[in-house]
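The next block holds one structure in the form of structure tokens; read it before the comments.
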Amino acid sequence: MNSLEEVKIMKVLKFGGSSVANADNCNRVKEIVKKNQKSCKQVVVVSAFGGVTDELERCISLASTRNKEYKNVLEVLKQRHQEMIQQLGVSGNLNEKINAKFEEISELLQGIYLLEDISEKVRNIVMGSGELLSSAILSEFFNNAGLQTAYFDSREYIKTQNGKGVYLNAKQTNLNLESIKEKEFEVALFPGFVASGAKGEMTLLGRGGSDYTASILAAGLGCSELEIWTDVSGMYTADPRFVSQALPIERMSFQEAIELSHFGAKVIYPPTLIPVVQNQIDVRIKNTFEPDDEGTLISKTPGEVRSVVRGLSSVNDINLFTLSGSGVIGISGFASRFFTSLAHRKINVVLITQASSEHSISVGIHKDDTELTVEALCEEFEMEIRMNLVNEPLIEENLSIVAIVGEDMGFTPGISGKVFSVLGKNGVNIRAMAQGGNEMNLTFMVRTKDVKKVLNVIHEEFFDSTYKKVNLYIAGLGNVGGKLLEFIKNQYEHLLEEKGLQLIVRAVTNSRKMYFAEDENLLENWEEKLDKNGVQADLQEFVRLMDQSNLRNRIFVDITASDKVSEVYEQILNSTVAIVACNKIAASSDYSNYNKIKDAAKKHNVEFMFESNVGAGLPVISTINSLVNTGDEIVGIDAVVSGSLNFIMNEFNKGRSFAEAVKMAMEQGFTEPDPKIDLSGMDVLRKLLILSREAGYQLEEGEVKHQPMIPESCLQGNSADELLKDLEANNDYFEAWREVMKEKNVRYRYIASFKDGKANVSLKEVSPDHPFYDIHGKDNVISLNTKWYDDQPLIIKGAGAGAEVTASGIFGDIIRVSRN
Ligand code: ADP
Ligand code: ASP
Ligand code: MG
């Protein structure tokens, strides 16, 4: 190709609102255009400065509701444009132009304010002003920067036809554009969005329509390439605002781009693709802020396929209308009447499904068209409704459509199976679904509140199978909580690299404050974040935000000892969040409550785990579960499961007074926050309840024979100090134990037993040949008699108290839940 021909190449570049939102960004745009100066003629289309169209729309809405605030909003807009020309150094006569334009808008808004009404014509003039202003300013700016720029008013070239929606008069438009082909310029600058109708009145191409301006020009001017410059590096595998793992798609076909944009991928305005498909013009989506990034190439051939699914998108604000009734089968041309009645009112049907029995038809329609749709259907089927052959239209609100798009999906079996199975596992209910006739998209309706989760779940399934992300919400940040967070941090890399598991701490709370992370992992700096940015703790709000986050693989970790927290378990499980609890209250509450929580977990297919409830990090509950699940039967349990009481007894045996031993256990963090829970035996009783229930018995607290370890009189006080005083006062009582132990050569152990349906918790003497005689430090021993472990019980023994082992038990549960 010689250099003369090279110069003739013409390409269209469109810069969106954020690309020209301020002077810095306009300078970036200028640099991008300058780079092409030598190699091609450029047609540049610009949007209004970022956010301006929205503000103009707000002015209209304020004025039409007789709110004078519109004047202030307009004034701010005017100042913004004036500042812009100052900063770009193009003030001169542009100042007058800007003032005149704002004067015109102000008069129109005044009219709207007085009439409380607005015509389409006036609305278009006001809304389209943003592009007329930005293009005038940038044209001057480019000229000043040494780019020979010719300004063209799109309204003189782009012609629309009447009708709801945007109808381009392509023939007339292309004819009008002919004259430009031969013109001399380095840059031809066009305002996006604006056009004109048959009578010359100003029309618009729809919100986001500057993309369309660009593709109309590319087609009409015979360009071979169209570049859409925006604020992201291409069309992503999913909307990056919802799916943080989304990645730019290198290449895709026109059809795939059409499907994705039709179902909400805002990065390209859907009609934009019509002229480029007809003329086979390649489209590249580029990032103004990262101009060296490849971006996405949309062309006839999609190129190498990395994944069968190319991308996902979603549209909100959809209502589902269903017309059903016994008479539907018999009504001739039912479907055709149904759709014709909607078409007559120009209602856009986004999704159609028909039950195979043909007893009903359901359609997804934008919520703004609800009244019109009901009117259309009730009118069309008036007689059938009156005769009870057809029911009145049923409307389901607050739904969204999710689309999965890929050209090769039609040839790949099992895609929908995979989608529905993963959605089912994550508790998402599909309201309706449809598969495009060309089988390159699978669309379905879900509740809007589930959309973010749905997109993430499906994205993870098809695009980033390397890692499984698990989102943690942690309540309780004392000793154990702190240790747990440390464990997770230390194991983070290992789990990621070796197990493909990424643990993300999304939120933390203690009884005073709570903090929800936006998009970060709180592992590194949770203390600082909680301290500086945390808000007042509010359990209901915590649960609500967790539910709303709508991520997949969520675990609520309860490291509190609070009954309030255990009371919200069912609610948490109902929102398909798993629970790992160190808190024993739920599992040891009334059997009916324990059962209700377990049922909720089963129903929603999420886990409720509490291994650290008994024996801290020892594998006690998991061992019982696996014995029971594999057909064994637990016939008896004997357990020393209070690390705290063992520690106290061992210190006492060494010669300390009982009160001293208790004080020491408290100081070293081996007791419950209220040590009476240990000394009364309540903690052991709860553990026995949990063990026997997990072993399959319906045991209630009242059925356990229970004798506190210390005299009742010592348990009456209100504080730890009082308790210690009472223990000292009863010193003789405890010293008498020493005598007995010495005399009989026995040791005292506080033992929980379950046999033949009978449960008992009390202090017992054990002789040197008993497995509970030698228990060191804060060890626990659990002895299980089962059908298989008949002669010799199965014994689990090891450290059973302390922050570290408890945290390890919780951590183990988190990993188990994550793997399921
Ligand atoms: P412009 O003002 O440049 O026309 P838009 O705001 O219209 O830009 O479109 C770009 C935005 O589209 C992105 O910032 C992103 O938030 C959103 N978006 C939605 N879906 C996608 C997707 N699949 N890929 C890329 N961006 C998307
Ligand atoms: N400024 C118009 C809008 O915000 C057109 C566009 O930016 O594409 O909708
Ligand atoms: Mg746009």
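Numbering of ligands and ligand atoms starts at 1, following listing order.
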Closest protein heavy atom (residue, atom, distance) for atom 4 (O) of ligand 2: Arg207 NH2, 2.9 Å

Ser210 N/O to ligand 2 N/O under 3.5 Å: yes

Ligand 1 contact by Ala246, heavy-atom criterion under 4.0 angstrom: no

Sub-3.5 Å N/O-N/O distance, Asp211 and ligand 1: no

Heavy atom of Gly209, distance to ligand 2 below 4.0 Å: yes

Check ion pair Lys121-Glu201 (N to O, under 4.0 angstrom): no

Contact partition for Arg207 relative to ligand 1, non-hydrogen atoms under 4.0 Å: neither

Asn287 side chain vs Phe289 backbone, donor-acceptor pair below 3.5 Å: yes

Which of the ligand 1 atoms, numbered from 1, are nearer than 4.0 Å to a heavy atom of Met235: 24 (N)

Heavy-atom nearest neighbour in the protein, as seen from atom 25 (C) of ligand 1, with distance rounded to 0.1 Å: Gly234 O, 3.4 Å

contact_flag Gly208 ligand 2 heavy-atom lt 4.0 Å: yes

Top protein contact for atom 2 (O) of ligand 1, by heavy-atom distance: Gly17 N, 3.2 Å

Option nearest atom 1 (P) of ligand 1 (shortest heavy-atom distance, choices Leu260, Val232, Thr230): Thr230

Ala238 to ligand 1, any heavy atom closer than 4.0 Å: yes

Non-hydrogen atom of Ser313 closer than 4.0 Å to ligand 1: no

Top protein contact for atom 13 (C) of ligand 1, by heavy-atom distance: Asp231 OD1, 3.5 Å

Check: Ser400 side chain, Arg447 main-chain N or O, donor-acceptor pair, under 3.5 Å: no

Asp231: partners by side chain to side chain donor-acceptor pair (under 3.5 Å), with sequence neighbours left out: Ser18

Closest approach of any protein heavy atom to atom 18 (N) of ligand 1, naming residue and atom: Asp239 OD1, 3.7 Å

Closest protein heavy atom (residue, atom, distance) for atom 16 (O) of ligand 1: Arg241 NE, 3.1 Å

Top protein contact for atom 22 (C) of ligand 1, by heavy-atom distance: Tyr236 N, 3.7 Å

Ser47 N/O to ligand 2 N/O under 3.5 Å: yes

Glu131 touching ligand 2 at heavy-atom level, < 4.0 angstrom: yes

